[in-house]
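Below, chain A is the first sequence line, B the second, and so on; all start at residue 1.
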Amino acid sequence: MAKDKKFVEAITSMDEDFAQWYTDIVRKADLADYSSVRGCMIIRPYGYAIWERIQGELDRRFKETGHENVYMPMFIPESLLQKEKDHVEGFAPEVAWITHGGSEQLTERLCVRPTSETLFCDHYKNIVQSYRDLPKLYNQWCSVVRWEKTTRPFLRTVEFLWQEGHTVHATAEEAEEETLRMLNVYASFCEEVLAIPVVKGRKTEKEKFAGAKATYTIESLMHDGKALQSGTSHNFGDGFARAFGIQYLDKDNQLKYAHQTSWGVTTRLIGALIMVHGDDSGLVLPPRVAPVQLVIIPVQQHVEGVLEKAYELRERLSRVCRVKVDDSDRMPGWKFSEHEMRGIPLRLEVGPKDIEKNQVVLVKRENREKLFVSMEDLETMIPRLMDDIQKSLYNKALKHMEERTFTAKDLDELERKINEKQGFIKAMWCGDEACEDKVKERTSATARCIPFEQEITGDKCLCCGKDAKHMVIWGRAY
RNA sequence: CGAGGUGUAGCGCAGUUGGUAGCGCGCUUGGUUUGGGACCAAGAUGCCGGGGGUUCGAGUCCUCUCACCUCGACCA
């Protein structure tokens with residue numbers, strides 16, 4: 001990480017205390033603040049701007065793959081929530097209940113949605129009659145509530161923002177295709193926009209979503225070697241359709257159950273951005289997700305012509321990037337630190353000396369590399385630099401993930417390696433949940449996923465020694 | 001839900017044996033400054049988390065309570 005001398009002591013070093021480092025960034029980069037509601041945070045303008053970037057990029061990809069946005073109620077009648085047995089069992093412990101409307105007790109309790117499968121199903125039941133009605137490809141942007149006991153800004157809060165896609169299809173094949181298509185949308189979004197490499201795979205039975213036939217996941221690795229589930233896509237088969245009676249008349253005049261999927265990502269992705277790219281000076285944002293890509297810092301801004309030049313550059317460069325001028329009356333050094341904490345990819349310094357030489361100073365956030373660039377070259381230079389930074393951040397993260405991916409042939413080795421250095425551990429598994437439990441008990445690592453790209457590292461289960469069925473990535477997770 | 005910790009100015013903290021509240025940062029005003037968190041001067045800011053007690057007197061002692069943080073068990 002940044003060996004450069006630390007200019008400001010506002011953020012705890014990540015080697016000293018990773019959790020504190022994380023919290024410091026959340027607050028110093030103005031992403032979020034604590035609220036007066038337990039476990040709920042206030043997403044501040046800068047944090048919300050990042051979410052809007054994420055929303056914009058994802059929403060475009062959803063539309064490109066044929067999805068439409070809708071909005072469902074925030075409340076679910078208790079009877080509706082209970083229709084699918086596994087689903088309600090999975091969520092019951094963490095739902096918030098509304099018992100009163102005004103001063104009157106409700107005849108039926110309402111739950112504040114922890115997820116909206118049941119609402120979508122209830123609606124699909126009404127609008128799906130014929131194979132001609134299928135598929136239905138809906139998505140909604142909303143917040144959901146899960147009464148979590150332990151919370152952390154962005155990573156786990158009682159209320160959080162997300163999108164949930166819910167689709168209905170005629171056949172099992174189409175549903176499976178959709179499930180994987182959306183997982184791939186998430187994966188390419190994470191890699192291309194957030195510059196976060198991911199491992200794609202399937203969740204084990206134990207880890208899959210309550211009520212799903214199969215859950216697919218993208219897992220990413222944080223700087224401290226802990227895993228973060230960054231997005232999931234579920235294939236429900238016809239389980240919900242049977243519970244809710246979603247049937248359609250097919251071409252062959254047979255009444256058939258529909259097949260469904262759901263998929264979601266949350267504001268947790270902002271936590272991932274912090275923990276994958278951040279350093280001891282603060283947040284580091286990949287240009288494609290940064291609300292501000294270039295900040296112009298006038299130096300000696302009281303000198304005639306300096307501010308004017310800064311505004312002129314803003315005008316010119318706003319055509320090639322998202323740009324801001326910091327013309328507050330802070331010291332330049334203060335501004336440097338401030339915008340580094342906020343992770344702005346590129347800084348442009350312009351002062352009397354530069355104007356005289358018809359140049360500016362560009363400084364890359366990721367490594368503080370300094371470039372002296374002629375005024376004329378900025379329009380061509382800046383977009384190129386953005387691309388370079390984007391790639392460089394991805395490559396750094398990928399290298400880190402590779403360096404922190406180990407293999408283990410048995411439980412002892414897994415335990416030893418994970419205690420030595422946290423990361424992804426590849427190990428063979430027989431498929432038995434008892435072995436999965438034992439791994440967790442011994443090492444507190446869980447099965448992150450069964451990667452699509454299976455790399456056979458042995459033929460025996462790491463735990464029981466019986467014949468192995470899958471290679472699993474294990475890790476301690478957020 | 002278990003274990004630990006913290007609540008005093010916007011933030012971080014100090015506050016002795018119980019005697020009526022202080023420091024740093026930030027904030028305001030004026031001036032000098034400006035290429036890595038400038039300096040000087042003058043200011044403003046407190047239901048000491050909340051309730052109840054002990055006491056002539058409580059930030060301080062007792063008691064109850066609430067909130068938040070961190071780490072574990074459960075989860076995106």
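Atom CZ of Arg368(A) is separated from atom P of G36(B) by 12 Å (rounded to the nearest Å). With rounding to whole Å, Asp24(A) atom CG is found 11 Å from U70(B) atom P. Nucleotide U34(B) holds its P atom 15 Å from the CG atom of Asp354(A), rounded to whole Å. Rounded to whole Å, the distance from NZ on Lys28(A) to C1' on G10(B) is 12 Å. The separation between Glu94(A) atom CD and A73(B) atom C1' is 14 Å, rounded to whole Å. Straight-line distance from the CZ atom of Arg27(A) to the P atom of C11(B): 8 Å, rounded to whole Å.
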For nucleotides 1-3 of chain B, tabulate all protein N/O to nucleotide N/O atom pairs closer than 3.5 Å, reporting atom names and distance.
none

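Geometric assessment of Arg146(A) against the ring of Trp162(A) yields a positive cation-pi assignment under the 6.0 Å and 45° thresholds.
Among the protein residues, Glu349(A) comes within range of the nucleic acid bases, having at least one heavy atom under 4.0 Å from a base atom. Counting any heavy atom pair closer than 4.0 Å across all strands shown, Phe160(A) reaches a base atom.
Comparing U70(B), C74(B), U34(B) by their nearest atom to the side chain of Glu148(A) picks out C74(B). With G36(B), C69(B), C74(B) as the choices, the nucleotide that has an atom nearest any side-chain atom of Glu340(A) turns out to be G36(B).
Between Phe154(A) and Pro352(A), it is Pro352(A) whose nearest contact on RNA chain B lies nearer the 5' terminus.
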